[in-house]
Amino acid sequence: MALRLFNTMSSQVEEFRPLRDHEVRMYACGPTVYDYGHVGNFRTFVAVDILRRFLRQSGYKVRHVMNITDVDDKIIRNSSREGVSVQQYTAKYEKAFLEDAAMIGIEEPTLVRATEHIPEMADFVAKLVEKGFAYRTDDGSYYFRIAKFPQYGKLSKRDFSGMLDGARVDIDEYDKDSARDFALWKAPKPGEASWDTAIGPGRPGWHLECSVMSMRELGETFDLHAGGEDLVFPHHENEIAQSESFTGKPFAHFWFHARFLLVEGEKMSKSLGNFFTLRDLILKGHKPSSIRYLLASVPYRHQLNFTFDGLKQAAVSVERLRNFRLRLVAGSFPSGASDETRSLAADTIARIKAALDDDLNTAQAQAAIFEMVRQANAAADARGIKQDDVAPLLEALTKFDEIFAVLDDDDAPKMKRVLQWAIAEGREKEISPELRDALQSDQRSDSDIEKKVEEMKAARTARDFKTSDAIRGELADAGILVEITKDGIRWRRK
RNA sequence: GGCGCGGUAGCCAAGUGGCAAGGCAGGGGUCUGCAAAACCCUUAUCGGCGGUUCGAUUCCGCCCCGCGCCUCCA
């Protein structure tokens with residue numbers, strides 16, 4: 001079976017077939033780096049990441065390009081308010097964004113920056129003017145004339161035909177010819193960042209960078225273009241208009257849009273007090289893996305209600321998966337193999353693939369892995385798991401984690417970096433006791449813990465439970481849980 | 001107003017024209033020196049009212065509620 005994806009352009013779930021057999025070229029709209037990324041931003045980026053990972057798992061080579069918008073009105077406003085250059089200002093937030101993305105397991109795409117492609121953008125505008133799709137206004141700005149692109153509105157399903165009739169053609173008009181015409185290039189204003197180019201001084205409009213950079217990196221026509229649902233109109237509609245006018249060819253074949261999330265049942269907004277950056281959540285003591293898991297747990301086209309209760313639930317769910325893997329890795333099992341377990345693992349892998357093939361149904365993929373975990377745990381309790389069953393079960397977990405990326409417990413070091421950042425930024429008071437607790441276990445090295453566990457084992461062999469319990473208590477205080485099972489003794493950080 | 005999405009157990013949620021996945025929480029057990037983990041059992045008239053159908057949570061209509069986009073917010 002092959003991947004079927006919802007295509008915003010056709011408003012249908014379609015089979016995804018890239019233009020080249022074994023390669024997918026995708027472009028995702030990235031962040032405007034004017035502030036720290038919030039949980040809503042990362043919902044979209046996690047969705048795209050899951051798509052990318054699944055495409056690769058499905059055997060494609062994936063070329064994934066993402067833009068960094070490092071010049072826009074907010075950036076100009078904020079940087080001048082802080083009295084720093086646009087570049088200084090954006091560098092800080094770009095760095096923060098990349099750290100955050102890595103923190104929640106997003107694989108880094110090829111990054112392209114708007115400010116590094118200014119001359120190309122100017123050339124692009126010049127060509128559009130030449131072809132009659134764009135015009136210059138008296139102040140030196142350039143606009144795209146949507147009257148020249150009759151399909152305008154095809155992505156967002158809007159009808160602009162009424163406006164096309166009345167569109168004027170006077171290129172020396174100071175204002176835009178039509179209210180719907182959008183800016184390709186903005187003339188400089190006093191005190192604003194500006195570039196001198198072949199089409200005059202100024203800065204690029206927002207949509208231009210994505211057309212220019214995606215075509216440069218991926219070709220005039222490529223497979224998939226992604227972003228948050230808000231970008232359908234006007235951003236992607238405008239990209240299509242200017243790109244297809246420029247090349248006379250189709251732009252992207254698939255349009256992938258992630259739905260917005262709610263926070264505690266309401267639209268996230270600063271005024272409601274439910275606006276959280278990723279770092280806010282970490283400072284409250286939530287693990288990156290919990291956040292990623294929760295963001296991934298509702299299929300990307302559905303509204304996700306992001307709640308703190310949900311975050312706790314996600315943490316427990318992830319722990320269950322990790323416990324299971326630990327059981328497989330650290331346990332001892334009788335020799336041999338069982339057909340049931342092998343087919344359980346194989347079925348699970350097939351179910352995960354089928355779920356993701358179905359428009360990335362992550363909820364069903366999760367259900368499949370938990371079904372396996374329950375059955376395998378039950379079998380293990382009954383001594384039904386054999387040595388040779390371990391590898392297939394681990395393989396299923398690996399397939400799952402190639403997409404979800406939550407099994408490896410590297411939360412503590414990541415959270416520690418956020419804590420250090422908070423201190424460096426003078427935001428210590430935002431560091432919650434929960435975060436400090438979560439970092440407890442990070443104080444001890446693995447080898448130190450192993451040594452203690454060996455001491456415990458020795459004490460237990462001597463049936464000296466008092467000593468054994470004392471060591472366990474000491475480790476527990478340090479946030480390390482030692483578990484005694486019939487398969488052996490094992491430990492983990494809480 | 002235009003276009004679109006959703007309302008499923010205490011919470012997060014999947015799904016189908018024919019006995020309603022999964023996770024979390026709760027209750028009851030089993031295992032266990034203790035602790036943890038794990039397992040078993042247990043919790044749903046699928047927003048309301050009509051209609052189509054042998055049969056609808058799933059299709060259609062109306063209503064109620066929530067949400068999104070409508071020029072730069074992922």
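Naming convention: chains lettered A, B, ... in sequence-line order (proteins, then strands); numbering from 1 in each chain.
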TODO: Scan Asp230(A) against the nucleic acid and name what it touches under 4.0 Å (heavy atoms): base, sugar-phosphate only, or nothing.
DONE: base

TODO: Scan Asn238(A) against the nucleic acid and name what it touches under 4.0 Å (heavy atoms): base, sugar-phosphate only, or nothing.
DONE: nothing

Task: Rounded distance (Å) that lies between atom P of rC70(B) and atom NZ of Lys157(A) - done: 16 Å

Task: His257(A) NE2 to rC3(B) P, straight-line distance once rounded to whole Å - done: 20 Å

- [ ] Starting from P on rA13(B), measure out to CG on Leu360(A) and report it in whole angstrom.
- [x] 18 Å

TODO: Look up atom OG1 in Thr8(A) and atom CD in Glu229(A), then write down how far apart they are to the nearest 0.5 Å.
DONE: 10.0 Å

Task: Side-chain donor/acceptor contact of Asp469(A) with base of rG33(B) under 3.5 Å - done: yes

TODO: Would you mind classifying the nucleic acid contact of Lys186(A) as base, sugar-phosphate or nothing, using non-hydrogen atoms under 4.0 angstrom?
DONE: base

Task: Between rG68(B) (P) and Leu231(A) (CG): distance, integer Å - done: 16 Å

TODO: Report which part of the nucleic acid Val232(A) touches: base, sugar-phosphate, or nothing (heavy-atom distance under 4.0 Å, all strands).
DONE: nothing

Open item on the list: Over all strands shown, is Arg463(A) touching base, sugar-phosphate only, or nothing at heavy-atom distances under 4.0 angstrom?
Closed with: nothing

TODO: For this output row, return yes or no: ring centroids of Phe45(A) and Phe97(A) closer than 6.0 angstrom.
DONE: yes

TODO: Measure from the side chain of Val316(A), starting at C-beta and using heavy atoms only, and say which of rC34(B), rC73(B), rC24(B) lies closest.
DONE: rC24(B)

Open item on the list: So if I take every side-chain heavy atom of His302(A) and compare against rG68(B), rC24(B), rG15(B), which nucleotide ends up nearest?
Closed with: rG15(B)

TODO: Mind calculating the distance between OH (Tyr143(A)) and C1' (rC72(B)) to the nearest angstrom?
DONE: 13 Å

- [ ] Name the nucleic acid region contacted by Gly227(A), choosing base, sugar-phosphate or nothing; use a 4.0 angstrom heavy-atom cut-off, strictly under.
- [x] sugar-phosphate

Task: Asp309(A) side-chain proximity, nearest of rC73(B), rA21(B), rC11(B) - done: rC11(B)

Task: Value in whole Å for how far the P atom of rG23(B) lies from CZ of Arg292(A) - done: 21 Å

Open item on the list: How many whole angstroms separate atom NE2 of His236(A) from atom C1' of rC73(B)?
Closed with: 13 Å

Open item on the list: The side chain of Arg492(A) is closest to which nucleotide in this list: rA37(B), rC24(B), rA74(B)?
Closed with: rA37(B)

Open item on the list: rA13(B), OP1 or OP2 - any side-chain N/O from Asn305(A) closer than 4.0 Å?
Closed with: no

TODO: Measure from the side-chain N and O atoms of Asn361(A) to the backbone N and O of Leu356(A), and report whether any donor-acceptor pair falls under 3.5 Å.
DONE: no

Open item on the list: Quick check on rG6(B): is either OP1 or OP2 less than 4.0 Å from any side-chain nitrogen or oxygen of Arg259(A)?
Closed with: no

Open item on the list: Distance check, C1' atoms only: rU52(B) and rC67(B), in whole angstrom units.
Closed with: 30 Å

- [ ] Tell me whether the guanidinium CZ or amine NZ of Arg158(A) lies under 6.0 angstrom from the six-membered ring centre of Phe233(A) and within 45° of its axis.
- [x] yes

Open item on the list: Which nucleotide wins on minimum distance to the side chain of Asn377(A), given the candidates rC39(B), rA14(B), rC24(B)?
Closed with: rC39(B)

TODO: Determine the interplanar angle of the Trp206(A) and His235(A) rings, folded into 0 to 90°, and report it as parallel if under 30°, tilted if 30 to 60°, perpendicular if over 60°.
DONE: parallel

Open item on the list: Would you measure the distance from the P atom in rA20(B) across to the matching atom in rC60(B) and give it in whole Å?
Closed with: 22 Å

Task: Given RNA chain B, 5'-ward residue of the pair Tyr293(A) and Arg301(A), judged by closest heavy atom - done: Arg301(A)

Task: Stacking of Phe42(A) on rA74(B) base (centres under 5.5 Å, planes under 30°) - done: no

Open item on the list: Counting the atoms with a prime plus P, OP1 and OP2 as sugar-phosphate, which does Lys74(A) contact under 4.0 Å by heavy atoms, base, sugar-phosphate, or nothing?
Closed with: sugar-phosphate

- [ ] Quick one: sort the Phe144(A) and Phe182(A) rings into parallel, tilted or perpendicular, breaks at 30° and 60°.
- [x] parallel

Task: Test side chain to side chain donor-acceptor pair (under 3.5 Å) applied to Arg203(A) and Thr115(A), Asp72(A), Asp73(A), the passing residue - done: Asp73(A)

Open item on the list: Closest-nucleotide mapping onto RNA chain B: is Ser156(A) or Ser297(A) further toward the 5' terminus? I mean the 5' end.
Closed with: Ser156(A)

- [ ] Choose from rC72(B), rA14(B), rA21(B) the nucleotide whose nearest atom is closest to any side-chain atom of Pro299(A).
- [x] rA14(B)

- [ ] Would you mind classifying the nucleic acid contact of Ile484(A) as base, sugar-phosphate or nothing, using non-hydrogen atoms under 4.0 angstrom?
- [x] base

Task: Candidate nucleotides rG23(B), rA36(B), rA74(B), ranked by approach to the side chain of Leu481(A) - the nearest - done: rA36(B)

TODO: Kindly determine whether Glu209(A) and Asn67(A) satisfy side-chain hydrogen bond (donor to acceptor under 3.5 Å, both in side chains), including the steps that lead there.
DONE: CA-CA 8 Å; Glu209(A) 61 180 75; Asn67(A) 66 304; 2.7 Å; yes

- [ ] Can you check whether any acceptor in the base of rC11(B) is under 3.5 Å from a donor in the side chain of Gln313(A), or vice versa?
- [x] yes

Open item on the list: Looking at Arg322(A), I'd like to know whether one of its side-chain N or O atoms comes within less than 4.0 Å of OP1 or OP2 on rA36(B).
Closed with: no

Open item on the list: Does Arg472(A) contact rA35(B) through a side-chain donor or acceptor facing the base, at a distance under 3.5 Å?
Closed with: yes

Task: rA37(B) to rG27(B) separation - P atoms, rounded to the nearest Å - done: 15 Å

Open item on the list: With a 6.0 Å cut-off on the ring centroids, do Phe149(A) and Phe133(A) count as close?
Closed with: no

Task: Phe276(A)-Phe306(A) aromatic ring centre distance below 6.0 Å - done: no

TODO: Starting at atom CG of Asp381(A), determine the distance to atom C1' of rU32(B), rounded to an integer number of angstrom.
DONE: 12 Å

TODO: Scan Leu326(A) against the nucleic acid and name what it touches under 4.0 Å (heavy atoms): base, sugar-phosphate only, or nothing.
DONE: nothing

Open item on the list: Please determine whether a side-chain nitrogen or oxygen atom of Lys494(A) lies at a distance below 4.0 Å from atom OP1 or OP2 of rA35(B).
Closed with: no

- [ ] Tell me what Phe260(A) touches on the nucleic acid: a base, only sugar-phosphate, or nothing, going by heavy atoms under 4.0 Å.
- [x] base

- [ ] Have a look at Ala378(A) and say if it touches a base, only the backbone sugar-phosphate, or nothing, with a 4.0 Å heavy-atom cut-off.
- [x] sugar-phosphate

Open item on the list: Side chain of Arg180(A), heavy atoms from C-beta onward: which of rC24(B), rC73(B), rU71(B) has the nearest atom to it?
Closed with: rU71(B)

Task: Which nucleotide in rC12(B), rC67(B), rC69(B) has an atom nearest any side-chain atom of Gln303(A) - done: rC67(B)

Task: Rounded C1' spacing from rU57(B) to rC49(B) in Å - done: 15 Å

Open item on the list: Checking contacts here: which listed nucleotide (rC40(B), rA37(B), rC73(B)) is nearest the side-chain heavy atoms of Arg374(A)?
Closed with: rC40(B)

TODO: Under 3.5 Å for both distances, Watson-Crick or G-U wobble, that's the pair rule; now give the dot-bracket for RNA chain B, with | marking pairs to another strand and [ ] for crossing ones.
DONE: (((((((..(((.....[...))).(((((.......)))))....(((((..]....))))))))))))....

TODO: Please say whether the positively charged group of Arg301(A), taken as NZ for Lys or CZ for Arg, lies over the ring of Phe6(A), i.e. under 6.0 angstrom from the six-membered ring centre and within 45 degrees of the axis.
DONE: yes

